[in-house]
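Written out below as structure tokens is the structure these notes cover.
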2 protein chains.
Amino acid sequence: MDSRTKILEAAARLFARQGFAGVSIQAIAEQVGITKPSLLYHFPSKEQLREQVLVELFSHWATRLPNLLRAVTTGEGQFEALMDELTSFFHEDPDRARLVIREIMDRPDEMRASIASSLGPLVSLVADTMRKGQRSGLLRDDVDPEAYVLNAIGVAMASVVAAPVVGPIVGPDGKGAPSRLDRELRRIAHSSLFSEPARGAPKRRPAGRQRASVER
Amino acid sequence: MDSRTKILEAAARLFARQGFAGVSIQAIAEQVGITKPSLLYHFPSKEQLREQVLVELFSHWATRLPNLLRAVTTGEGQFEALMDELTSFFHEDPDRARLVIREIMDRPDEMRASIASSLGPLVSLVADTMRKGQRSGLLRDDVDPEAYVLNAIGVAMASVVAAPVVGPIVGPDGKGAPSRLDRELRRIAHSSLFSEPARGAPKRRPAGRQRASVER
DNA sequence: CCTACCGATCGGTAGG
DNA sequence: CCTACCGATCGGTAGG
């Protein structure tokens, strides 16, 4: 792997974990195994390194977009597929979420533009598909599609970052399986989106956990 | 207002906006109108200043807890009251959310402890109340109470931070009124929590927006 | 609460 | 890609 790539990866990791201001280019250089001036040969300033890290992140996001779109436009399991794709993107590397969240807080104005352009089209497309689902009666008609999608993305990011800190409060999750927090989040997203099946004819049961039989 | 308080407020604001590492004690001192050594007379180190800022934040939180608990244990509008209290706490000063989120990312281990002890009891209490609601049939029985509450708190914080950046994508919100994102979030929280009213006997209508009459 | 000052580290450059 | 070095700023101290 060439130095440039190694630098970008180390920088992304460190920026995500300690914030841009909390990381010296010296520290990044050390992790890569070169000196500070050598790093500055590849990226002329710390600021430009930051920008390139973000470019890489968004381009990685763009790579995944086709998967997301296929999930939206393909037949039945749209919802599950879309949520899987969304959560796994951040789950397989939580630093992605951390990086975006930090950037949103550190430089909201700059991020407004990049997020609008990178997320806007996706949101519109998913929202249009959702409106079809509303007309067919599959989805609740009180859903606000654009707002729903954006909230879903935001929650996916937030939950990945909060998990290690807040997860233990609901008890340790069985290794492997999704945590209680994740399962509940999925249930919330599901049940607030789909119309209740006509009573007595529940084709599928609610996604999260199976229905306990209760006194009623 | 005494210097100590002024320092704490300036530090909270700056830490929230630029992160702990991104703020020099010199910068804080300037905003207060004193010199750096003067600030260090009140707080012996930057690190101790940070700790005190967090102590203040959590104690402010503790001040609000009685309101929250009253909201939970008082009769009918429990849900709306609790959500109002939760969102207004972060809405009236978004820096609170920013500060907590930064701290979660910067020092997850330390925050695990403080959050468990400050939030744990509240979560248990609300969860117990919710279980009663489940037994009475008011709340869906597939809700995971602890996980639901924690997710609600997380979402309240995340939405406050994300709003200025992600809000414009769904269009400008009418000034004053809650944004589309906020309304949709409330609707999601509501409709994923309450059982559907027996068809044809809807005492109240769904919180968010009114039901449009649709072809079905 | 201030002036004066400390060593260490910051981002970055010169020159090879 | 490195050695050597720059001025500026960092957190913090001495002394009053």
Side-chain angles (χ1 to χ4, degrees), chain A residues 1-57 95 98-99 102-111, chain B residues 1-57 95 98-99 102-111:
Chain A
M1 200 193 315
D2 63 329
S3 284
R4 200 192 133 86
T5 309
K6 278 200 273 193
I7 293 169
L8 282 170
E9 289 184 0
R13 242 193 96 203
L14 290 172
F15 288 161
R17 285 167 148 78
Q18 317 182 37
F20 181 72
V23 179
S24 63
I25 47 185
Q26 165 79 344
I28 301 170
E30 261 169 37
Q31 265 219 359
V32 176
I34 58 178
T35 63
K36 191 170 57 163
S38 305
L39 187 154
L40 286 165
Y41 163 78
H42 293 282
F43 300 91
S45 74
K46 193 190 178 188
E47 177 58 27
Q48 298 218 33
L49 174 54
R50 187 191 66 88
E51 281 165 24
Q52 278 310 307
V53 166
L54 284 185
V55 167
E56 290 290 315
L57 180 79
D95 284 341
R98 282 187 258 266
L99 211 46
R102 283 198 195 273
E103 215 54 31
I104 285 176
M105 291 195 295
D106 288 350
R107 339 169 92 83
D109 296 325
E110 289 89 327
M111 278 305 266
Chain B
M1 198 194 316
D2 64 330
S3 285
R4 200 192 132 85
T5 310
K6 278 199 274 194
I7 293 169
L8 282 171
E9 288 185 0
R13 242 193 95 204
L14 290 172
F15 288 162
R17 284 166 148 78
Q18 317 180 37
F20 180 72
V23 178
S24 63
I25 47 186
Q26 164 80 345
I28 301 168
E30 261 169 37
Q31 264 217 5
V32 176
I34 59 179
T35 63
K36 191 170 57 166
S38 304
L39 187 155
L40 286 165
Y41 163 78
H42 294 282
F43 301 90
S45 74
K46 194 190 177 188
E47 177 59 27
Q48 298 218 33
L49 174 55
R50 187 191 67 87
E51 282 165 24
Q52 278 309 306
V53 166
L54 284 185
V55 167
E56 289 290 314
L57 180 80
D95 284 341
R98 282 188 257 266
L99 211 45
R102 283 198 194 273
E103 215 54 32
I104 285 176
M105 292 195 294
D106 288 349
R107 339 169 90 85
D109 295 326
E110 289 89 328
M111 279 305 267

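First the proteins, then the strands, lettered A, B, ... as listed; each starts at 1. The structure presented is a predicted model; accordingly, all values stated were derived computationally and were not measured.
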### Task
Five pairs at each end of the helix from C/dC1-D/dG16 to C/dG16-D/dC1: take the axis at both ends and give me the angle between them to 10°.
0°
### Message
Without decimals, in angstroms, what is the distance between A/R4 CZ and D/dC1 P?
### Response
13 Å
### Selection from C/dC2, D/dC1, D/dT3 that lies nearest to any side-chain heavy atom of A/T35
D/dT3
### Message
What I'd like to find out is whether the side chain of A/E9 reaches to under 4.5 Å of the side chain of A/T5, using heavy atoms alone.
### Response
yes
### Message
Are the side chains of A/R102 and A/R107 in contact, using a 4.5 Å heavy-atom criterion?
### Response
no
### Task
Using side-chain hydrogen bond (donor to acceptor under 3.5 Å, both in side chains) as the criterion, list what pairs up with B/S38, not counting sequence neighbours.
B/T35
### Task
Name all pairs fulfilling the salt bridge (Lys or Arg N to Asp or Glu O under 4.0 Å) condition that reach into residues 13-24 of chain A, sequence neighbours left out, sorted by first residue then second.
A/R17-A/D95
Sort me out a list of protein N/O and nucleotides 9-13 of chain D N/O pairs below 3.5 Å, or just none if empty.
residue	atom	partner	partner atom	Å
D/dC10	OP1	B/S24	OG	3.2
D/dG11	OP1	B/K46	NZ	3.1
D/dG11	OP2	B/I25	N	3.2
D/dG11	N7	B/K36	NZ	2.8
D/dG11	O6	B/K36	NZ	3.4
D/dG12	OP2	B/K46	N	2.7
D/dG12	O6	B/K36	NZ	3.2

### Query
Roughly, in whole Å, what's the span from CZ in B/F43 to C1' in C/dC1?
15 Å
### Query
Which residue pairs satisfy the ring pair (Phe, Tyr, Trp, His ring centres under 6.0 Å) criterion with at least one member in residues 12-42 of chain B, sequence neighbours excluded?
B/F15-B/F20
### Query
Are side-chain heavy atoms of A/Q52 and A/E47 found at a separation under 4.5 Å?
no
### Query
Would you find a donor on one side and an acceptor on the other, under 3.5 Å apart, between the side chain of B/K46 and the backbone of B/L40?
no
## Note on the structure
By side-chain hydrogen bond (donor to acceptor under 3.5 Å, both in side chains), B/S45 pairs with (sequence neighbours left out) none
### Query
Please give, in whole Å, the distance from D/dG16 P to B/Y41 OH?
17 Å
